[in-house]
2 protein chains.
Amino acid sequence: MNEFDLIRQYFTRPTPRAVVGIGDDAALLSLSPGHQLAVSADMLVAGRHFFADADPERLGHKALAVNLSDLAAMGAKPSWFTLSLALPSVDADWLAAFSRGMFALADAHGIELVGGDTTKGPLTIAIQIAGEVETGARMLRSQAQLGDDIWVSGPLGAAAAAVMYRTGRVNLAAEVAARCDLRLDLPQPRVALGRAIRPLVHAAMDISDGLAGDLRHICQRSQCGARIEVDAVPAAPELAALPAELALEAKLAGGDDYELLFTAPTSARPQLAAIGQDLGLALSRIGQITAGAGVQFVGAAGETLDLGLGGFDHFRAP
Amino acid sequence: MNEFDLIRQYFTRPTPRAVVGIGDDAALLSLSPGHQLAVSADMLVAGRHFFADADPERLGHKALAVNLSDLAAMGAKPSWFTLSLALPSVDADWLAAFSRGMFALADAHGIELVGGDTTKGPLTIAIQIAGEVETGARMLRSQAQLGDDIWVSGPLGAAAAAVMYRTGRVNLAAEVAARCDLRLDLPQPRVALGRAIRPLVHAAMDISDGLAGDLRHICQRSQCGARIEVDAVPAAPELAALPAELALEAKLAGGDDYELLFTAPTSARPQLAAIGQDLGLALSRIGQITAGAGVQFVGAAGETLDLGLGGFDHFRAP
């Protein structure tokens, strides 16, 4: 099987929303009037973001999910993506499963693969995603305002618990570990949530590197501080099986949850609660934007906790 | 240096043409009225597309150049790009040179880096490029028409000669080898040419895998044949130093030239000649689109030559 057969067999599907899809030098895409383009890119590397023997169907899902999550955090409607794929060899079973996982998620969000590249090399998946958002929409990291509530979707920490289990830091019952694996391997990008909250919120981002580190980015870019009530941060039920300090680490600093973190004026509370109801998603108020700098964690009695938490840095020594 | 410092130091520059550039979950971009988006992606892998010790400044140029070339082949005006970069380690000298080479070419074309990803991993460069083209423009591989002239820009084969030299297939004087290296390492994407010929041509593509193989794509997608007069295909002057059969292979099947290959009605000859003059680019008529299938090469006496040439396939055994 050569490069062109491979693309035809596994990665060429109808692209009715594109003017020109796969197969030419570039795809041609038409933007809806009154919209601007939202563009993001993420790269997953074997041995770094996933094990080389990871289930390819789940990997196909996750590679696209992390990109969809970036558009969700902008309140954008995803439309198209490109895939650049380096493969050590052509493995038909692997490709069939990978593309099945990827396209299942693409279909669920109504988006189209419109181009990309395949080459021989260490297993690496680079996806670039493009979507549309109404011109003037600004759900940016820099827009948090003093007094804003800080919200998160979903319970946090199950993906981190899966990593702790796989790396031998914790022991979990098989059934609990399997549930955590699902959260790590098959994150559900909060696209509908991002669309729904867009008119109401100030700042937003997705939680990929952990709440503590990601919230720090909002504080830096909005030139503000944040005060988080630790007990208000929703923990995944699976964390009950962890020692207390690891459960805290998982929910506050664990990456890979791909929930949304956002700030909104207190006046938006009723509408945001209704959106959570409508979408069947838990939305939790976990603190406030403050005049200070950095993220302050407080306990049940209002005492400041020194947790020493940071986000994930790809170039930090392991 | 962590991931965020690295991005700030080497890859964050002003992006006046973007609504939101680097630093948020996604970039926000506004398209000009009456235009559609052209999107392409290319991935370069160390050990496959370049040697791991390749000059990083030239590598930064080339990684962007191959993407610009795809937009040139669509007649699009490049606007923005994203960069996903896997690095084995943080090497400040390498990053400074790589970003210098990349941004020098970006500046020459007035385009902006608006996002991407950096991670630890085997050296891999994945760029996605986006540009604008007038709505309705269709300079596609599928648009060749019976009787069209087939044109190429520039002399061909110098990049292939550099590869032949580096892999020990030919011996070249140092000065000749250095000139070939420049063509291989610093291809000049024909963006201005693509813009200028857009109203005149039918099919177009860039020559990345070799004239013979790339022309076959046009024939397949346009359901036509092509007849190429071998002597009319312009050879780089450096090929004079090669044995005749290798010179022929270099100009007809050598990849990495990134010149444009296009078809146009005979009525466009005077205008295309004038465009070549204006841009200071050699444009050559090398054959015709025929009613057959596949690419036929003919010699000076009109005899069919059996050259057994194919394009490059990344998954073919080396």
Side-chain angles (χ1 to χ4, degrees), chain A residues 1-4 6 19-20 23-31 36-43 45-49 70-71 73-74 76 80 82-86 89-90 114-122 124 126 128 130-131 133 135 138 140-142 204-206 221 313-316, chain B residues 1-4 6 19-20 23-31 36-43 45-49 70-71 73-74 76 80 82-86 89-90 114-122 124 126 128 130-131 133 135 138 140-142 204-206 221 313-316:
Chain A
M1 174 173 294
N2 73 21
E3 181 182 357
F4 305 103
L6 185 160
V19 180
V20 173
D24 220 294
D25 295 284
L28 294 181
L29 311 170
S30 267
L31 216 59
Q36 53 199 10
L37 194 70
V39 171
S40 186
D42 265 300
M43 180 183 251
V45 178
R48 189 77 190 169
H49 301 90
D70 282 322
L71 290 199
M74 301 297 276
W80 310 284
T82 63
L83 167 69
S84 292
L85 187 61
S89 63
V90 176
V114 294
D117 197 10
T118 55
T119 185
K120 192 162 177 165
T124 305
Q128 304 87 4
V133 64
T135 301
R138 296 185 70 82
L140 307 181
R141 297 182 182 184
S142 58
M205 69 184 296
D206 67 328
R221 295 187 75 88
D313 172 16
H314 283 291
F315 293 102
R316 190 171 55 184
Chain B
M1 174 172 295
N2 72 21
E3 182 182 356
F4 305 103
L6 186 160
V19 181
V20 173
D24 220 294
D25 295 284
L28 294 180
L29 311 170
S30 267
L31 216 59
Q36 53 199 10
L37 194 71
V39 171
S40 186
D42 265 300
M43 180 184 252
V45 178
R48 191 77 191 170
H49 301 90
D70 283 322
L71 289 199
M74 301 297 276
W80 311 283
T82 63
L83 167 69
S84 292
L85 187 61
S89 63
V90 175
V114 295
D117 198 8
T118 55
T119 185
K120 192 162 177 165
T124 306
Q128 184 210 36
V133 64
T135 300
R138 296 185 70 82
L140 306 181
R141 298 181 183 184
S142 58
M205 68 182 297
D206 67 329
R221 296 186 75 87
D313 172 15
H314 283 292
F315 293 102
R316 190 172 54 184

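Computed over heavy atoms, backbone and side chain alike; hydrogens, waters and symmetry mates excluded. Throughout, protein chains are lettered first and strands after them, A, B, ... in sequence-line order, and every chain is numbered starting at 1. Here the structure is a predicted model, which is why all the values come from computation and not from measurement.
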Answer whether the closest heavy-atom distance between the side chains of A/Ser84 and A/Gln128 falls below 4.5 Å.
yes
Pair count under 4.5 Å, heavy atoms only, with chain B: among A/Leu29, A/Asp24, A/Val45, A/Asp70, highest is A/Asp24
Just how far is it from atom NZ of A/Lys120 to atom CZ of B/Arg48, taken to the nearest 0.5 Å?
5.5 Å
Which pair of heavy atoms, one from A/Met43 and one from A/His49, lies closest together, and at what distance?
O-CE1, 3.4 Å
Let me know if B/Thr124 has heavy atoms under 4.5 Å from chain A in its side chain, its backbone, both or neither.
both
Under 4.5 Å from any heavy atom of chain B, what part of A/Val20 do you find: side chain, backbone, both or neither?
side chain
B/Met74/B/Val133 under side-chain contact (heavy atoms from CB on, under 4.5 Å): CA gap, chis, key distance, verdict
CA-CA 8 Å; B/Met74 301 297 276; B/Val133 64; 5.9 Å; no
Chain A contact via B/Ala204 - which portion, at a heavy-atom distance below 4.5 Å:
backbone
Max heavy-atom pair count under 4.5 Å with chain A, selected residue of B/Thr135, B/Asp42, B/Thr82
B/Asp42
Based on non-hydrogen pairs under 4.5 Å, which of B/Ala76, B/Ser30, B/Ser40 is most in contact with chain A?
B/Ser40
Honestly, the part of A/Ala130 sitting under 4.5 Å from a heavy atom of chain B is neither
With chain B, which of A/Leu71, A/Leu31, A/Leu140 has the greatest number of heavy-atom pairs at distances under 4.5 Å?
A/Leu140
Note: vs chain B, highest number of non-hydrogen pairs under 4.5 angstrom among A/Leu83, A/Val19, A/Leu37 is A/Leu37
Side chain to side chain, B/Asp25 and A/Asp206, heavy atoms closer than 4.5 Å
yes
I'd like to know which of A/Ala38, A/Gly116, A/Ala126 tops the heavy-atom pair count under 4.5 Å against chain B.
A/Ala38
